[in-house]
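None of the values given here were measured: they were computed from a predicted structure. Throughout, protein chains are lettered first and strands after them, A, B, ... in sequence-line order, and every chain is numbered starting at 1.
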Number of protein chains: 2
Amino acid sequence: MVQSIVSDSHERVLNAAERLFSERGYTAVKLRDIADALGIRQASLYHHAPGGKEQLFVDVTERSMERHRVGMEQAISQSRPDDLREQLRAAARWLLSQPPINLSRMNLSDMPAIAPSHAQRLKAAAARALLAPLEAIYQAAIDRGEIRSVYPHLMAGMFLSVIEGVQQGAPHAPVSKQEMADDVIDILLKGMYQR
Amino acid sequence: MVQSIVSDSHERVLNAAERLFSERGYTAVKLRDIADALGIRQASLYHHAPGGKEQLFVDVTERSMERHRVGMEQAISQSRPDDLREQLRAAARWLLSQPPINLSRMNLSDMPAIAPSHAQRLKAAAARALLAPLEAIYQAAIDRGEIRSVYPHLMAGMFLSVIEGVQQGAPHAPVSKQEMADDVIDILLKGMYQR
DNA sequence: GTCTATACGCTGATAGAC
DNA sequence: GTCTATCAGCGTATAGAC
């Protein structure tokens, strides 16, 4: 299969589309923008994405979520068990290596703009890929007494919000994203109060 | 001034526009949506907002940010000084009483879609209204030794992300938004670890 | 102050040459 | 696989009647 070296042209289209969609959202990205990023004409996109804009968005989002599901689960399973801090750091490292995800924008802006059945599928994929793995490690940490009792779902959403904030608020900071994420995880675990 | 009772028709337009823009963002909201929310025709909007869509967006966003600046400063100044927890709770109460704000979406999606000069003004207004007051109370808490040394700017962004997450992730929770916000503030201050 | 009608540009999409 | 040409529909905006 000479075709699937690393990034055949179909992959290049998906990658460009994913970066733009994940940064600006569905409605703000025009097919023209994606074509420009690839150095081709808007109409030429239809050779690689015959389904049109909405289908392209669904495809890249599902691909992204599946990659995140695997990435998150690997990051967590490769960390020491019974160490929430290390698990969260690994999850943060994974998330920061990827294009940013804004779940809030996805839910409020992107989903209403596509077919309800598509929206439902993407929401489910996001829950599986991002929320579920985090909820699981929080629940496990509660069960073994490492942390006090908190709502795992709330904590998972909080973690994702915060990492996303790090990812995009980073430019102004004097330190790297990963350092910021580590600091933030420390605060979530130990708090801000003086010891 | 019989005109300015509470909500003359100009205000009603701004309010409807603000709610929609703040939820879905600039590009996802069509003037038609705002008109529908008001029960009028799209063209009739131009009587109240002769400047068109972009100007309307700038107007409502500046109005919103100015209101937030006052609301945040009041919430904080009416709290006990030297008590970061109470100040954060008051700030959260204020934020949760308002239409949601997604700074990340504003920066990545909305701003690129409007004139650069407009974008610059709105970003500055958001920094003044939301980030600055929070940075100030964090810095003060550090100075008086209430909390350990953290980056106030990072903490301010983190707080806003988290409250916004509470605001929109609330439906699934068994408790009120304010309770969730209080829990989250407790975690930021005390951490998740068992005492 | 709201309406209908309409102009206009932009965007998504199709057809067919190369 | 990419192009040019073109279309249909949508969204913004304007004109003018009521």
Side-chain angles (χ1 to χ4, degrees), chain A residues 1-21 23-61 109-116 118-119, chain B residues 1-21 23-61 109-116 118-119:
Chain A
M1 287 203 191
V2 185
Q3 207 50 303
S4 58
I5 312 286
V6 169
S7 119
D8 60 358
S9 53
H10 182 246
E11 292 262 310
R12 286 185 61 244
V13 171
L14 292 182
N15 291 341
E18 182 182 333
R19 191 159 341 103
L20 288 167
F21 280 139
E23 278 175 12
R24 296 186 219 157
Y26 181 69
T27 47
V29 172
K30 313 302 172 196
L31 288 184
R32 173 75 192 270
D33 300 330
I34 300 173
D36 285 352
L38 292 164
I40 63 177
R41 297 291 192 170
Q42 177 258 141
S44 307
L45 274 179
Y46 282 83
H47 177 76
H48 309 281
K53 187 188 182 186
E54 177 162 340
Q55 189 60 51
L56 177 60
F57 176 72
V58 171
D59 288 348
V60 299
T61 306
S109 306
D110 298 343
M111 296 302 102
I114 64 179
H118 284 157
Chain B
M1 287 200 191
V2 185
Q3 206 52 302
S4 58
I5 313 288
V6 168
S7 119
D8 59 359
S9 52
H10 182 246
E11 292 263 310
R12 286 185 61 243
V13 171
L14 292 182
N15 291 341
E18 181 181 334
R19 191 161 339 105
L20 288 167
F21 280 137
E23 277 175 13
R24 295 186 221 158
Y26 181 68
T27 47
V29 172
K30 312 302 171 197
L31 289 184
R32 173 74 192 272
D33 299 330
I34 301 173
D36 286 351
L38 293 164
I40 63 178
R41 296 293 190 168
Q42 176 258 143
S44 307
L45 274 180
Y46 282 82
H47 177 76
H48 307 281
K53 187 189 181 186
E54 177 163 339
Q55 189 59 51
L56 176 61
F57 177 72
V58 171
D59 288 348
V60 298
T61 306
S109 307
D110 298 343
M111 297 301 103
I114 64 178
H118 284 158

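Shortest non-hydrogen contact noted between R24(B) and S109(A) is O-OG, 2.6 Å. Scanning both residues, L56(A) and L14(A), for their nearest heavy atoms gives CD1-CD2, 3.8 Å.
Atom CZ of R24(B) is separated from atom P of dG11(D) by 12 Å (rounded to the nearest Å). In this structure, H10(B) atom NE2 and dG1(C) atom P are separated by 11 Å, rounded to whole Å. One interatomic measurement links the two molecules: CZ of R41(B) to C1' of dG1(C), which rounds to 15 Å at whole-angstrom precision. Straight-line distance from the CG atom of D36(A) to the P atom of dT2(D): 14 Å, rounded to whole Å. Summarising the geometry, the separation between CG on L38(A) and P on dT2(D) is reported as 9 Å, rounded to the nearest angstrom.
Residues F21(A) and I34(A) meet the side-chain proximity criterion, which asks for heavy atoms closer than 4.5 Å.
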### Query
For V60(A) and N15(A), what are the C-alpha separation, side-chain angles and deciding distance, and is it a side chain to side chain contact (heavy atoms under 4.5 Å, CB included)?
CA-CA 8 Å; V60(A) 299; N15(A) 291 341; over 6 Å; no
## Note on the structure
A correct 5'-to-3' footprint of nucleotides 10-17 of chain C, with B, S and - meaning base, sugar-phosphate only and no protein heavy atom under 4.0 Å, is -SBBB---
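OP1 and OP2 of dC3(D) both lie 4.0 Å or more from every side-chain N or O belonging to H47(A). At least one side-chain nitrogen or oxygen of S44(B) sits closer than 4.0 Å to the OP1 or OP2 atom of dC3(C).
For the pair K53(A) and Y26(A), the cation-pi test (distance below 6.0 Å, angle within 45°) is passed.
To the nearest 0.5 angstrom, K30(A) atom NZ is 6.5 Å from T27(A) atom OG1.
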